[in-house]
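Accompanying notes for the structure given below.
Lettering follows sequence order; numbering is per chain, from 1.
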2 protein chains.
Amino acid sequence: MDTKRSIRAKSGTNLGGASAHNRRIMIDALRVNGALSRADLARATGLTPQAVSNIIEELALDGLVRSQATIRRGRGQPATPYQLVPEGAFAVGLQIDRHVTRTVIVNLVGEVLVQMEAKLPPGGPAEGVVVVLDLIRKARIALQAQSPEAEKRLVGLGVAMPGPFGINTLYDDPWMMTAWQNFPLIDTIAQGTGLAVALQNDAAAAATAERLLGAAHGLDHAICIYFGYGLGTGLILNGELYGGAHSNAGEIGMILALVPGDGPDVEPLEHYASMAALCKLLKLDPSEPELFAMVTDALMRGGPKVEQWIDDVAQRLRRTVQALESIFDPQTIILCGGAPRALIDRLVAEIGPLLPSIADRASRYPEARLQAGLADPWSVALGAAAEPIARTFDPRFSAILKTA
Amino acid sequence: MDTKRSIRAKSGTNLGGASAHNRRIMIDALRVNGALSRADLARATGLTPQAVSNIIEELALDGLVRSQATIRRGRGQPATPYQLVPEGAFAVGLQIDRHVTRTVIVNLVGEVLVQMEAKLPPGGPAEGVVVVLDLIRKARIALQAQSPEAEKRLVGLGVAMPGPFGINTLYDDPWMMTAWQNFPLIDTIAQGTGLAVALQNDAAAAATAERLLGAAHGLDHAICIYFGYGLGTGLILNGELYGGAHSNAGEIGMILALVPGDGPDVEPLEHYASMAALCKLLKLDPSEPELFAMVTDALMRGGPKVEQWIDDVAQRLRRTVQALESIFDPQTIILCGGAPRALIDRLVAEIGPLLPSIADRASRYPEARLQAGLADPWSVALGAAAEPIARTFDPRFSAILKTA
DNA sequence: CAAATAAGTCAAGTGAATTGATTTAATAAA
DNA sequence: TTTATTAAATCAATTCACTTGACTTATTTG
């Protein structure tokens, strides 16, 4: 018997936990399948029709689902489909990038209602957080104008910024996000906004966006490679975002992945495969507002320098994809990012044909082994906004348990 | 509304699911912490003392826990600690290896009660399964002799064999386990033994063993690198073994991981780092009964050929460890295997000093970044036996849900 | 010896799912 | 046109495991 009271145990659960889970799976089922009748939901979830009826009635009272016109489907009483109410919930997303901050407000189904950005002052977080809070305030006013009831239905605020967190920088980071990482950002924003705040890294946010309304929608095992200023992955395992022991899982940008010809002085993968690397190559300022257009333009023009870079990156990512497939055995891998659509699509094309791996099975799903996902400067902010929605409404093991 | 009835939804739950979960976390807490009083359990799990009392009473009736002598711990009524009853449950493990099959019977706390092996005939599974069933039968008789009541308390049979499953061989496998993989092994053994049977690959089984009674005991995020005839990993994520979309996750042996100097014709990692590779180098027959002793002997003698191999493998695994840390952000990485203790320990020593990674944090746990785990020809069979115990008694998300 | 503290139990209460019968509304068959 | 069949959905009673709040027991402290 442990007399020091340092007992390691998992949390118990009770009726309330079961009920909360069942509400979440209803919302999840409606999100993934579109409108469903209560009978459909009962069959799909294994609950009794009566239980489903009660839960749906409650969700309707809460303004989260609503009925549609009945549908005749052969014999028997016509079914009444239920759908999610887009205005049932809203969430704020905030991206802290190296030189800019972006905010997005989405509704329950992931539609973007507000998006705003502001330049971050060079003075670091002490000055920057004022800009950030002001931006959030403006975004909420804009939301209020569109939907007066929305403010009451804000379920939280998600923050995304470059990781990893809690680590002393391993190699030089020209933008030194360290100051932001050490600043008590979450508490400051929580106090300044009165909302529940959570933090993710860029790649996790991008994966959250892919799951809510992108290529990973409804998938339980997907790896999202985030190609932005840095390189990382968001890991969707068993239908949940996996964070590891310290929420830093997925940092593939730090892997020392060699390709034939590399010497012992090989640098981390993201020094080759990232927007940062491309900007360096093209001598572009990453803080340039027209960066995406300029990169797209450079891709169109081509030229040996760009083509060689694409070749090199494609070769490195081809091996990375094979490694990720071998490690995770996922349903699909999604290349997404804070990068121009043209670049993501080009890379997906150049990475193929893929190397042999365990994903190379005779009976593949509809999903391709590798596909392009969201590619937009706003995708991280969007993912940040998707996080509170997911946290509040998605089925998760931890949501059943008594302790947070 | 989906008229084709192909609705994707997660399973619901009810009181029974909650109850099952609570029983599991009690057993888990006792396994991880040793004996605990009901008050301890209530505090640790978040359940009320009354709920814990009821659950413990029921577990005691089922013969899974028993009380110890009361302990005075300062003021207040003395506590009655409860412990797991080793004879509360038993499970059979079966390893199908290339040239041999091993069976192990363990009890609830992972103690090995029976272990037996037999040579597999060269005729493949059709002949082999007869040997296998006979071996299991003999093991059960031996168990009966030790513990007459045990037979009634067998909770299942775990099978472990080399993966990956459901894939056409990607490169030549000299032992052609394909025949075994295509044979309806699970059904045949289930029918032949009357037990619930499940299948894992070697590495997953080794990780299951590490979790029940090895270095991963009580950890929620650990990566077990299995160094045996092949090379793979067992992924313990969120306290559960992760299998991926098709139970083939962790196959790092198939990664084309380069080290400086490698050319474009690099082979999969396990062609360098595995017992198979070492046997080839030393011109040893892998089916040699005294293989472990011979390998240990070769290590002791040293010599340039062996030293160079160790250097090369250590270099490759050093990079693999850094990659796995970057990808999973685990609490620890465990090198274990179907390999001699001397080899595993030597490799752990040679792999250090580790490369910088996100695991290289100032405030590290008690756990080292890399440590040696079980190294024994029996560890896979042991893990196979641990699987039914884990499946029956460990807390898992899926154990709460209504559908299997 | 009384007060404080902690473990544990008793008995009633609670809430969400289940059970089984019933209602409603459509199509298919007679 | 009528009747049977099928399916959706509801009603009312039941069940079950956890919770609540009061209480008992056993030990240490002052």
- In whole Å, what is the span from the CG atom of A:Leu47 to the P atom of C:dA16? 14 Å

- Task: Rounded to the nearest angstrom, tell me the gap between atom CD in B:Glu57 and atom P in D:dA17.
- Result: 13 Å

- Spacing between A:Ile71 atom CD1 and D:dA7 atom P, to the nearest angstrom: 17 Å

- Charged N to carboxylate O below 4.0 Å: is that the case for A:Arg38 and A:Glu57? no

- Query: When the ring planes of B:Tyr242 and A:His221 are compared, do they come out parallel, tilted or perpendicular, using 30° and 60° as the limits?
  - Reply: tilted

- Query: Would you say A:Ser19's side chain and A:Leu15's backbone share a donor-acceptor pair under 3.5 angstrom?
  - Reply: no

- Each nucleotide of nucleotides 6-12 of chain C classed B (base within 4.0 Å of a protein heavy atom), S (only sugar-phosphate) or -, in 5' to 3' order, makes BBSBBB-

- Query: Salt bridge check: are B:Glu149 and B:Arg153 linked by an N-O gap of less than 4.0 Å?
  - Reply: no

- Message: Does a side-chain N or O of B:Asn54 approach OP1 or OP2 of D:dC18 to a distance below 4.0 Å, or not?
- Response: no

- Query: Quick one: A:Leu36 CG to D:dA7 P, roughly how many Å, whole number?
  - Reply: 18 Å

- Nearest-Å distance, CG (A:Leu401) to P (D:dC18)? 14 Å

- Do the charged groups of A:Asp40 and A:Arg43 touch, with an N to O distance under 4.0 Å? yes

- Query: Quick one: is C:dT18 close enough that its OP1 or OP2 comes under 4.0 Å of any side-chain N or O from B:Asn14?
  - Reply: yes

- Query: On DNA chain C, nearest-nucleotide positions of A:Arg72 versus A:Arg23: which is more 5'?
  - Reply: A:Arg23

- Note on the structure: Separation of D:dT14 atom P from B:Leu15 atom CG, nearest Å, is 18 Å

- Query: Just checking, any donor-acceptor pair under 3.5 angstrom between side chains of B:Asn54 and B:Glu58?
  - Reply: no

- Message: Using only atom types and a distance under 3.5 Å, with no angle test, would you say the side chain of B:Arg24 pairs donor to acceptor with the backbone of B:Asp394?
- Response: yes

- Message: At 10 degrees resolution, what angle do the end axes of the helix from C:dC1-D:dG30 to C:dA30-D:dT1 form when each is taken over five base pairs?
- Response: 10°

- Message: With side chain to side chain contact (heavy atoms under 4.5 Å, CB included) as the test, pick out the partner of B:Ile55 among B:Val65, B:Leu41, B:Ile27, B:Asn22.
- Response: B:Asn22

- Item | Side-chain donor/acceptor of B:Asn107 to backbone N/O of B:Glu87, under 3.5 Å | no

- In whole angstrom, give the distance that lies between atom CG of B:Asn22 and atom C1' of D:dC16. 13 Å

- Item | Separation of D:dA8 P from A:Leu41 CG (nearest whole Å) | 12 Å

